[in-house]
There are 2 protein chains.
Amino acid sequence: MGDIHNMTTIRDVARQAGVSVATVSRVINGNSYVNKDTESRVREAIQVMDYEPNTVARGLASKKTGTIAVILPDIMNPFFSELARAVEDTARHHKFTVIFCNSDDQAPKEKLYIQVLQQRYIDGMIFASNTLDEEDIQTMRGHGISLVVLDRAPRRGNCSIIRSKNVEGAKTAVQHLLSLGCRKIAHIAGPEELITAQERKQGYLDTIRHLKGFDPALIVPGHFSISGGIGAAQALLEYHPDVDGIFAGNDLMAAGALKALHRMGVSVPEQVSLCGFDGVAIAEMTEPELTTVAQPIYEMGATAAKRLIGRIRGETEEPSVTELDVQLVERDSTKRRVRR
Amino acid sequence: MGDIHNMTTIRDVARQAGVSVATVSRVINGNSYVNKDTESRVREAIQVMDYEPNTVARGLASKKTGTIAVILPDIMNPFFSELARAVEDTARHHKFTVIFCNSDDQAPKEKLYIQVLQQRYIDGMIFASNTLDEEDIQTMRGHGISLVVLDRAPRRGNCSIIRSKNVEGAKTAVQHLLSLGCRKIAHIAGPEELITAQERKQGYLDTIRHLKGFDPALIVPGHFSISGGIGAAQALLEYHPDVDGIFAGNDLMAAGALKALHRMGVSVPEQVSLCGFDGVAIAEMTEPELTTVAQPIYEMGATAAKRLIGRIRGETEEPSVTELDVQLVERDSTKRRVRR
DNA sequence: AGATTATTTGTAACCGGTTACACTTTCTTT
DNA sequence: AAAGAAAGTGTAACCGGTTACAAATAATCT
């Protein structure tokens, strides 16, 4: 019973304050001349009537909804949940609301989201997923939707990019393994189509290709997932039982590999040293704890959100590319071995 | 350059099809009489002009935005990221969009969110967080916002509730420990103010209170977090080195406890059997893997979303309470011990 | 056949804001 | 003092849909 949706409107406030709606709007938005006295009368009326401007109406009129969307592969992946948390925190501080979309790295889902979000007058979008072609970027541009992309480098689309030094990080990881005395270092790689996976593989290759004993068969796919890491480690040890070092393209695969190695009775780090990439929380939960190349995940998300909101507000003009540093975090899964 | 936001509107379509906007609207919504021929003319016009109705305008006019919000403590907690994923998947299938809000279990943040979301004409809300008083519920009711609550039992607010059998699950866990031969079973409890934590503690107490050797000091707080679990286990073993079984109120604390026990040189399950609660993925990543009382997390989220959308659409009338079963998953962190 | 009901469609108000434009009043400037 | 610029405010159109109401036509009922 009782009226539903009986909110007070800007016209109610205007009447109460004895001014026009335009004046109330001006007071709220502070973007035009308003007399001091008038302003305080209006503010009082707003107080008295407990008025809150309606975001939907405002969105229709101004085409700015104070909403951003984040498209990511899967919120259950701890890397992305941390990223999501960072974005949400930052957005909240700037009075923005966040819509999350899981794409599972499937282009059709992404396209669908882009379409749905455009109809909703989304102000901007953070894209942490896979496919994003020129056309999508142009469409969004045409709709006035700002864009910040993680780990992707579109050629001409004028959007900001936030990325980590993947090649460099991978090199650091492999060099670390080499410095420990590992002779036969394998790589569990992420999906071929993902640029981050490509770059980490590249770093591995760059470091190891010219060394004796290098064998392309030491690169096995692990799909960036735990189960993929398990399968990869199994296959690896089956065909190359003398592997003494593994660089996994992310921590999830490293954790999976660790599990598999344990099941096969291979001890880490004594027999095999293992290094991951990302620096997510679960890397500390395993036994032994995982050495990893840590990205500043929270910072990446926060930076992406800040950058995006800056562009939406027209504060930041030109799109920029930010490359964040990664850091080797040495833990128990890698250890100096005796030279044989 | 180029026009921004030059979308085709319903009036464009009406003109193209030679009908009025009302007719186009009727075709789109299918809620009124429309002549077959007229309808196909309109549909063709929609096709030709590549028309997509504007969600914001529709929201203003109808006060239905096709958006639901999920308020949860922290998306980085794997329990909640799985829940979030389930909600998003389900919502997407029903063409709803989801806004996520991290409350950190802080009432002020929750209140703020509720306010912000009301201004946005949210259709409904899934509440998986802590505080939610009668007043909030009434406010939302007054604004026509449907509500589904996880693990909370508001007295009169007419909202649906999804919950797990926490007391029963906790009993199962403790009985399991007892059946293994544990004599001194401790409990690492979640925050006092959370009903789930209370219930799990209750189950522990109900099972163990009347047994000889029961000691209230065996209940230590762990704040539902990994670090809390670490601290709790340390404190526990320091004062009660003869503890031989631990039931942790969630998996995160169990994982933390495991870590602490390992650092202290206490072997699991040989010296201490350890059981968690929730059934999140990381319970399988530890070494040894954690025995836990698994909740059907994904199902909880999916059910909550389905229930909510049902209520929004007016399909489900009365609010309902759903209690989901939990299941003991035996893994390596608990093992039968030799009777001494 | 006349009355009643079901179909079909259009007109225009409305949702609750923003803002272009016009107009008045109050400085500044020369 | 006259002219131009700045400050202050209101009117009304507009954003892009939904929907109450009215009116016309077709179908069904006594």
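Computed from heavy atoms alone, side chains included, the values below leave out hydrogens, waters and symmetry copies. Since the structure is predicted, the reported quantities are computational estimates derived from the model, not experimental observations. Below, chains carry the letters A, B, ... as their sequence lines are ordered, and counting in each starts from 1.
- Crowding of Glu135(B) atom CD: a count of heavy atoms from other residues, nucleotides or ligands under 6.0 Å not exceeding 12.
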- [ ] Could you please spell out the steps behind the side chain to side chain contact (heavy atoms under 4.5 Å, CB included) verdict for Ile68(B) and Met125(B)?
- [x] CA-CA 5 Å; Ile68(B) 63 177; Met125(B) 191 154 113; over 6 Å; no
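- OP1 or OP2 of dG10(D) has at least one side-chain nitrogen or oxygen of Thr23(A) nearer than 4.0 Å.
- Note: OH (Tyr121(A)) to P (dT18(C)) measures 15 Å, nearest angstrom.
- Partner Arg120(A) forms a side-chain hydrogen bond (donor to acceptor under 3.5 Å, both in side chains) with one of Thr97(B), Thr55(B), Thr65(B), Asn54(B) and no other, that one being Thr97(B).
- Between the C1' atom of dC15(C) and the CD1 atom of Ile10(A) lies a distance of 14 Å, rounded to the nearest Å.
- A heavy atom lying under 4.0 Å from DNA chain C marks the following residues of residues 36-61 of chain B, by number: Thr38(B), Leu60(B), Ala61(B).
- Comparing dT11(C), dG10(D), dT9(D) by their nearest atom to the side chain of Ser20(B) picks out dT11(C).
- Within the structure, every side-chain polar atom (N or O) of Thr9(A) is placed at least 4.0 Å from both OP1 and OP2 of dG16(C).
- If you take CZ of Arg11(A) and P of dG17(C), they are 8 Å apart, rounded to a whole angstrom.
- Salt bridge Asp133(A)/Lys111(A): present, at least one basic N to carboxylate O contact under 4.0 Å.
- As a whole-Å value, the separation of Asn29(A) CG from dT19(C) P is 7 Å.
- dA24(D) atom P lies 18 Å from atom CG of Asn35(B), rounded to whole Å.
- Tested against Ile137(B), the residues Ile114(B), Leu147(B), Ile145(B) include a single side chain to side chain contact (heavy atoms under 4.5 Å, CB included) partner, Leu147(B).
- Counted by atom type alone, Ser320(B) and Arg307(B) present one or more donor-acceptor pairs between their side chains at under 3.5 Å.
- Across the protein-nucleic acid pair, Arg26(A) atom CZ and dG16(C) atom P stand 21 Å apart, rounded to whole Å.
- Rounding to the nearest 0.5 Å places CD of Gln115(A) at 5.5 Å from CD of Gln119(A).
- In this entry the distance linking CD1 of Ile28(B) with C1' of dG16(D) reads 11 Å, nearest Å.
- Within 4.0 Å of Ser25(A), counting heavy atoms only, lies at least one base atom of the nucleic acid.
- The side chain of Lys63(B) places no N or O atom within less than 4.0 Å of a non-bridging phosphate oxygen (OP1 or OP2) of dT18(D).
- Taking atom OH of Tyr33(B) as the reference point, atom P of dA6(C) lies 7 Å away to the nearest angstrom.
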